[in-house]
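Notes for the one structure printed next.
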Amino acid sequence: MIGKQRNGVDASGYPLRKEGLRKRPRVNEVIIQSVLFFAGFFSIFTTLGIVYELGKEALLFFRTPEVNLWNFLTGTSWQPHINQFGILPLVTSTFITSAIAMTIAIPLGLAAAVYLSEYATEKVRKTLKPILEVLAGIPTIVYGYFALMFVTPLLRSIFGRDVVEIYNMASGGLVMGVLILPLVASMSEDALNAVPRALREAAYGLGATKLEVALKVVFPAALSGIAAAIIVGISRAVGETMIVAVAVGAGPNFTFNPFRGAETMTGHIVRMSGGDLSYDSIDYNSIFAIGLVLFFITLTLNIISQRIVRRFREVYE
Amino acid sequence: MDTLDNNRYVIQARNLGIYYGDFKAVTDVNMDIERNKITAIIGPSGCGKSTLLRAFNRMNELVPGSRAEGQVFFDGEDLYAKGVDPVEVRHRIGMVFQKPNPFPKSIYENIAWGARIHGYRGNMDELVERSLRQAALWDEVKDILHRSGLALSGGQQQRLCIARAIAVQPEVILMDEPASALDPIATLKIEELMQDLKKDYTIVIVTHNMQQAARVSDYTAMMMLVNDGSRSGTVIEFGETTKIFTRPSDKRTEDYVTGRFG
Amino acid sequence: MSASSPAPLGPFQDNLPHRHRVGAVWQWIFFSATVIGIFVLSALLLNIIDGAFGYVALEARVDPDTLAVNGVPLEELPKEELIRILQERLSASAFNKLNDEKPFEERSQANVYDLVIERVVKYQVLETWSLWESLTRSAEIRARVAEEFPQAELRFVSWLTVETIRRPQSSEAVNAGVRTAILGSLWTIMITIVVAFPLGVGAAIYLEEYARDDWLNRLIRTNINNLAGVPSIIYGILGLAIFVRALERLTSGAMFGLVDPTTANGRTVLSAGLTLALLILPLIIINAQEAIRAVPQSLRKASLGIGATKWQTIWAHVLPNALPGILTGTILAVSRAIGETAPLVVVGASTAISFDPNLFSRFTTLPIQIYQWTSRPQGEWRHLAAAAILILLTLLLSLNATAIVLRNRFTKRF
Ligand SMILES: Nc1ncnc2c1ncn2[C@@H]1O[C@H](COP(=O)(O)OP(=O)(O)OP(=O)(O)O)[C@@H](O)[C@H]1O
Ligand SMILES: [Mg+2]
C-alpha cells in the first residue's frame, strides 16, 4: 500500500496528492518571508532616520543668521547665549579625554590580551576573562560616579587641590580608559587567537622563547586585528557620554590642560537636553549639528575598523 | 532510452547538467532509474556523484549559485519545469545523508514530525511503529521511543533517518554513502534493509565501496570526469550491475571496478 | 662567550639566560596589566559600598520624642493617634490633599507613620560620612557633631534598605527611594523587549536563512554592523526627533485619548522604551545571527530532505536549537539597555516624579536617578546614588548570571 497509490484515496492516512508536483499555494510562507524581510530591512530605516533628522535640524542650525559654517568649524568659543558657536572647545576636550583614555586602554588592553592568549593557562583564562567581561558590562553612569567620587579626589590629593579642578578631563579620561580596556583586550585577544598555530610552532621550532614568539611573531601577524580593536576603542571613547557628563564638567572650555574642567560634544548634548528644550530653538538645532559631527567621526572610525578586520580575515581564513 | 516510459522508470534524466556558479560539475547525464530496483552510482571522488544524486530531488538548489539544465522526469513530470514545487518534490523523493542526522528530538518525534507536516491524519503510533519496523529498528528502540534520537549508536541513527524518510511515504529514497560512517556490522544491516525496502521503494545509492555496489544494486552507473579538461563529471557507463562488474564495455570502468584506477 | 657555557657556540652568543630573563620581566608586565583590571573593579565596588553606608547627622524639626503619647513611642502609636497628629500639625488643605491621594481609612499604620516622619518630624541631613570615615574616625565624628550640631542626632545608616526600594522619589534624601525609578526601568525595558526581540530575531532569521548574497542584503548587513557602533547618545537624539516630537500624538497617548494631565508631550515611558529598542536592535540581531549560524546545516538538510518547507524547518528545528543562544544574546543586550543613561536624558527623562509610571507618563529610570543624584552637590544624594548603584548592579548581575547559566546549559548539544 505504501507509496504506490498516487491517485485516489490514500489508505495510509495522508491527504490526496491530486496536484502532482505543481506549486502549492503557500500563503503563510510568503507572508512570513515578507514579515521577516521587513524586520531585516527595518534597520535601514534607523539609519535613514538618523541621517535625515540630524541633517535636517543641522541644516536649520546652519541657516540661522547667527551661525556660519566657518565659525562653527574654527571658532574657539561655544557660548550659545551670546551666539558664539565655535565647536572647537567641544572637539578639543573630546579629543583630550579620548587621548587620555587610549593611553590607558591601549597598553593595558594589549598587554592583557597578550597575557590571556599567549601565557595564561586555560584555568587562569577562565577566571580572568569573565572579570574583564564584567568590567565591560558595568553601566557607564557607574563609572561616572567612580570617576567623580574616587578618581577625582585621588588626583586632587596627589597633584594638589589648586592644580586639579573638581571637574576635570583627566579623571574622566582615565576612567574611560578603564571602561575601554576590556573592549580592546577582548578584540585583540580574538585577533591573536586567530593567528594559526603553525606560525607559532615554526618560531618555537627555531628555538625562540615564549616572549619572542609572542612579540615578534604572533603580535605582528595579528597587527591589523589589533589596529581594528584600537580604532573601535577610539570610536567608543569619542561617543562615551555619562562619564564625561558626570566627571568632566559643565561648561565648554577651550583648554588643553587635562586638570581643568571642560565639556565634550557628548557632554554638551546631554546637558543641553537635560532641561526642557523647546523645539525650533537654536539650542535644539545645535545639538543635532553636534550630533552630526559626532556621527560622522564615529562612523568613519567604525568603517575603517571593519575594513581592516575584513582584510585580516581574508589573510587567515 | 529516448522514449519516456514512466511505468517502468520512476526517474529519467535527460541531458542533465549541473553548475556551481560558472563551474559545470556534472554534464550531459542521461539515465533511467527503474522502479523498485536499487541503482548504485559509483566513481572516483569529486566526479559529481553527490551532485547528481541531489539533482534528483532538487536539494542541490540549496547551494547558493547552483543551477541545473536539462530535464529530470519523475513519473513523467519534469522536476525542473516551471511551477514545480521543490518542497513537494522532496516529499516524493526522500533523502538519506552520509552522516546520520537525526533531529535533536525524541525518536518518536523524529518520525512523527515529518508525517505531521505533510498532513498525516492516520494513527501516529501505528505509523511510527510501521516505519521503525520497516527500517529494522523497532525491536531495538520500542522501549525508548521518547529518548533523544541523538542517544542512539551511529548505525541506529542512520536507520532512524531511513525510518524518518519512509514515514512520509516517498516513492524514491536517495542515499548518499549511507554506510560510510558506520562499522561493518551496521553497514551490513543497512544493506539488508535496502533489500527489504526495495519491495516498496526505489532506491538510488551513491557508494565508494565496490563490493557494496556489487552486493546490493541491480543497476550501476559509473561516473568519471570527462576527458576534456573541464573537470565536469558524467555517467560513462550505465547498466545491470552484473554486467558492469563482469563485462564492462568501457576500459575506464574496468580499471575502476578492478581497483586499477589511479 | 660566558664561562658557564660548556660547548663552543661558534658565531652565536650564549644569550639564552638573558633572553629568559627578559621574557620573565615581560610576562610579569603582561600579567600585571590584567591584574590592574581586577584591581580597578574592586576599587569601584569598594568605592560604591563606601558610599552606601555611614554616619549621618540628622536634625528633626519636631523631635519625635515630643510626639510620644503617654510614654508610648511614636512608631508604636495606633493609626488613629498618628492621623490625629497629622491633622494637628498640617494645614487643613495639606491634610485633605493627603486624604484625596488615598483615604486615611485605607492607609496602613506604617504608611501613616511614614507620613508623620516626612511631614511633621521632617528630618534634615546636616552632614554625612562615608563608611570608611565612619569606621576609622568614629570618635572624631562624634566629637564634632556634639560640638557643631548639639541638636542633631548621629545615626549610622545603610542608605540601601528595603525602604529605599519601596519609597518613591522625595525632596529629602532621607525619605527618598527608588521605587519610581525601578518601576520606570521595568516599564521601559518591557517596551524595549517587546519591540526589539521579535524585530531583532526576525531580522536575524531573514539574514541567515532567506537573504541571498546580493547588494541589498550586503547593504543591510553592513548597515547593522555600523549601527552597532553608533554612540548611544545619537540614538537619544533620534528618539527625541522621531518619538518625542514627530510621533508625539502616539507616544503621549493623545491618539488614544489617554493624555495624562502631567504630560503635555511625548517625553514618555513609551518614547524611552522605543528609543532603547532601536539602540539594542543591532546587538540582538548580531547575537541572534550567531546563534542561528551555529545550528548545524545537516539539521536543515534533514528537514528539507523529507519535504518540509523552509519556514517549517526554521520553526521546528532551527529556532528551538538556536533559542538558548538567542536568549543569551538578548539578555546581554537588555542589560546594556537597562544601564543606558545618555539617550534617556536626551529623550527627556524627568528630574523628579514620585508617582508610579505607566506607558504614557513621564519617566525616570534607575540610571537616570543615579545620574541626577550624583550630579547634586550635597553629599547625602551621592550616598543615595551609591545605594541605587548597588541595586542596579545587583539587577544586572542576576541577569548576567542567568545568561551564563543558559549558555553553559545549552552549549555542546550536537
Ligand atoms: N557546494 C558546492 N559548491 C561548489 N562546488 C561544489 C559544491 N559541492 C561540490 N562541488 C564541486 O562539484 C564537484 C563534484 O562534487 P561532488 O560532491 O558531487 O563529488 P562526489 O563524487 O560526491 O565526491 P565524493 O566521492 O568525494 O563525495 C567537485 O569538483 C566539487 O568540488
Ligand atoms: Mg559525495
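Numbers restart at 1 for each chain; the letters A, B, ... are given by sequence-line order, proteins then strands.
- Only the side chain of T298(A) comes within contact range of chain C, with heavy atoms under 4.5 Å apart.
- Using a 4.5 Å cut-off between heavy atoms, A43(C) touches chain A through backbone and side chain atoms alike.
- Only the side chain of L54(A) comes within contact range of chain C, with at least one heavy atom under 4.5 Å from a heavy atom of that chain.
- When every heavy atom of L148(A) is checked against every heavy atom of P153(A), the shortest pair comes out as O-CD, 3.3 Å.
- With respect to the salt-bridge test (charged N to carboxylate O, under 4.0 angstrom), the residues R125(A) and E189(A) qualify.
- Of the atoms belonging to F42(A), it is side-chain heavy atoms, and not backbone ones, that fall under 4.5 Å from chain C.
- Within the 4.5 angstrom heavy-atom criterion, atoms from both the backbone and the side chain of I287(A) approach chain C.
- With a 4.5 Å cut-off on non-hydrogen atoms, A388(C) does not touch chain A at all.
- With a 4.5 angstrom heavy-atom cutoff, L392(C) touches chain A only via side-chain atoms.
- For T374(C), the parts lying under 4.5 angstrom from a heavy atom of chain A are both the backbone and the side chain.
- Only the side chain of Y210(C) has a heavy atom closer than 4.5 Å to any heavy atom of chain A.
- Proximity to chain C (any heavy atom under 4.5 Å) is restricted, for E57(A), to the side chain, taken from C-beta onward.
- Neither the backbone nor the side chain of E240(A) comes within contact range of chain C; no heavy atoms are under 4.5 Å apart.
- Contact annotation for Y52(A): neither backbone nor side-chain heavy atoms come within less than 4.5 Å of a heavy atom of chain C.
- For chain C, no part of I166(A) is nearby; none of its heavy atoms comes within less than 4.5 Å.
- With a 4.5 Å cut-off on non-hydrogen atoms, L108(A) touches chain C through its backbone and its side chain both.
- Neither the backbone nor the side chain of R336(C) comes within less than 4.5 Å of any heavy atom in chain A.
- Contact record, A288(C) with A204(C): CB-CB, 3.5 Å, taken as the closest heavy-atom pair.
- Ranked by heavy-atom pairs shorter than 4.5 Å toward chain A, the options I205(C), T309(C), L278(C) are led by T309(C).
- Aromatic rings from Y119(A) and F30(C) are positioned such that their centres are separated by under 6.0 Å.
- Interface remark: L128(A) contributes side-chain atoms only to the contact with chain C (heavy atom separation under 4.5 Å).
- Interface remark: L36(A) contributes backbone and side-chain atoms alike to the contact with chain C (heavy atom separation under 4.5 Å).
- Within residues 218-227 of chain C, the residues having any heavy atom under 4.5 Å from a heavy atom of chain A are, by residue number, L219(C), I220(C), T222(C), N223(C), I224(C), N225(C), N226(C), L227(C).
- Interface residue T46(A): backbone and side-chain heavy atoms are both found under 4.5 Å from chain C.
- Judged by the 6.0 Å and 45° rule, K56(A) forms no cation-pi pair with F288(A).
- Of the atoms belonging to R26(A), it is side-chain heavy atoms, and not backbone ones, that fall under 4.5 Å from chain C.
- Taking R376(C) as the reference, nothing meets the salt bridge (charged side-chain N to carboxylate O under 4.0 Å, His left out) condition, with sequence neighbours excluded.
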